[in-house]
Amino acid sequence: MFDFKITDSKPKKQTEGGLYDIVIIGGGPAGLTTAIYTARDGMKTLILDRETTGGLAATTELIENYPGFPQGISGMDLMDRIRQQAERFGTEIIEFEEVRAVVPVEEGLIEVHTEGDQVFQGKTVVIATGSEPKKLGIPGEDELYGKGVSYCATCDGPLFKGKDVVIIGAGNSGLQEGIPVLEYANHVTFLEFLAYSRAEQILQDRVRAHEKSTLIFNHRVIEIKGERAVTGVSAIDRETNEEKFFPADGVFIYVGYSPYTAFVRDLVDLNKWGYIQTDELMRTKVPGLYAIGDVRADNPAQMTVSVGDGTKAALAIREYLQNL
Amino acid sequence: MTLLNDEIVQNVKDMLAEIPNEVTLTVFTDDQNCEYCTEIVQLVNEVAATSEKVTVEQYEIHKDNDRAQALNIERAPAIAITGERDYGLRFYGIPSGYEFSTLLHSIQAASSGNTDLDDQVKSFLSDLNKPVNLQVFVTPTCPYCPRAAVLAMEMAIVSDLVNADVIESAEFPDLANQYNVMGVPLSVVNNQERIEGAAPPHMVVDAIRKALAA
């Protein structure tokens, strides 16, 4: 019943400094893949991450559709391996360094300014910042964050042992992350805005088959209630317009993701949802500036695609640097 | 049946191969009320078997109350990780899942007495003149929790006035309720300042500053 994992548990901060061939902003699957390629190719490679490396993938309890792991693998384990692979070839990684601005200086020189008032210089820069869980923007959501409202079921699920939980959103993320919560909780109610689930059928089947789950569709959540702690969720039945209250001690929110692009909003082209537009070589309109992974338009937010993006950028960068 | 598989045992051996000084894992069980005491004793013994420098002492919290008091242990299961001296490193609950990493890092740190903290943080901690209690609430399934836990333990290594309690929240629901733990990692400084998430060292320093000023 127990498992034991060994991961690197210290912030990464070592850096040689100087001019890098590539500065990668974001250490998720896409950014780390670029680093594996470029560092292995002998290019001086730096990754900056505003948190710890691993990205959203690291908080996924179990990844079952990444090739090569027939039994599935925990997101953290997989990301740990990928990071080690990048480091093995000499990638430098700095964590907890949030980027404030990207400043193209001239062809072959782009500066990356951080909130910690550091400036890093790259001949090329890759934006691999991914996306972050979208908020609902309803009353109670911010006020009760950390008091029963959470965006990481993998982390916080065990705290709701024997308790009632509502998961808002019955898409892939909601169901995937809700399944482990079912093991701990007394009952899990999935509330979905749409009249159906867009999740993979295998996930829907697993949730439906579980005795402790209820799936409710066509409901718009309007408020998370509670003062010191969450007491429940109010939602409108979109068919009858009736307001209903769902008692709960914990609320996990999985209503999609927003791209993390605030720091380059005025520099690159964004699509109407805020994702960065690139050509097929992952190039933005700024020479030497690339975007890959979930932050890029037309990326379906799948890890295998992000890894592919990372590879394409690495190959394009090699060619760009050769011609510089 | 062992808890650690061969691959993990080999990794633990590698991690502890070069620890310089002896480390004692003092484990406290509770005969009256303890879900995983058998497993925790087995686990620390399996870890100790990988290195000549790691030894285990085992006590029952009620019967060996003097020993528990001497190490400031109020609840079980608990592990005190001590090196040449007692740096104040405590783990409450079974360090399974990602928290196994926290245990191994704490053994390394208690053995060497060294940390990776930068000079600014070290100098802040060295200048403390009041006690600082860091409680880090974790769960075994939380990938970011060892960051917060190891940071607290490193701070305890630097200053004798700092002690670090890492608490497996699901095993101590009363304590988790008392501190209203609804998300992990949660670090609590001197029972007042709260830091949610795996925060960088300077944020913990700020929280310590605030807690001491209050």
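Values below: every heavy atom of this structure, side chains too, minus hydrogens, waters and symmetry copies. Chain letters run A, B, ... following the sequence lines, proteins first, then strands; residues in each count from 1.
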**OP:** Could you tell me which portion of V150(B) (side chain, backbone, both or neither) has an atom closer than 4.5 angstrom to a non-hydrogen atom of chain A?
**Re:** side chain
Original post:
Which region of P173(B), side chain (C-beta onward) or backbone (N, CA, C, O), has a non-hydrogen atom less than 4.5 Å from a non-hydrogen atom of chain A, or is it both or neither?
Top reply: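 The answer is neither part of P173(B).
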Can you tell which of [options] has the highest number of heavy-atom pairs within less than 4.5 Å of chain A?
| options | answer |
| --- | --- |
| L3(B), D118(B), L104(B), N11(B) | L3(B) |
| E196(B), R194(B), H105(B) | H105(B) |
| V12(B), L186(B), L43(B) | L43(B) |
| A148(B), P146(B), A176(B) | P146(B) |
| T139(B), N5(B), I94(B) | T139(B) |

**OP:** Please determine if R100(A) and D117(A) form a salt bridge, counting it only when a charged side-chain N lies under 4.0 Å from a carboxylate O.
**Re:**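 Answer for the salt bridge query: yes.
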May I ask you to check whether over 12 heavy atoms, not counting those of [X], lie within 6.0 Å of atom [atom1]?
| X | atom1 | value |
| --- | --- | --- |
| E98(A) | CD | yes |
| Y145(A) | OH | no |
| E227(A) | CD | no |

**OP:** Measure D77(A) against the heavy atoms of chain B and call it side chain, backbone, both or neither at under 4.5 Å.
**Re:** both
Original post:
What option among E61(A), E51(A), E95(A) has the most heavy-atom pairs under 4.5 Å with chain B?
Top reply: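 Answer, by heavy-atom pair count under 4.5 Å with chain B: E95(A).
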Subject >> Exam field: side chain Q85(A) to backbone I36(A), donor-acceptor pair closer than 3.5 Å >> reply: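 Flag not set: sc Q85(A) to bb I36(A) has no pair under 3.5 Å.
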Subject >> Cation over ring face, K5(A) and Y98(B), 6.0 Å, 45° >> reply: yes
Original post:
For residues 150-172 of chain B, which residue pairs qualify under salt bridge (charged side-chain N to carboxylate O under 4.0 Å, His left out), counting only residues two or more places apart or in two chains?
Top reply: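 For residues 150-172 of chain B: K10(A)-E154(B), R85(B)-D160(B).
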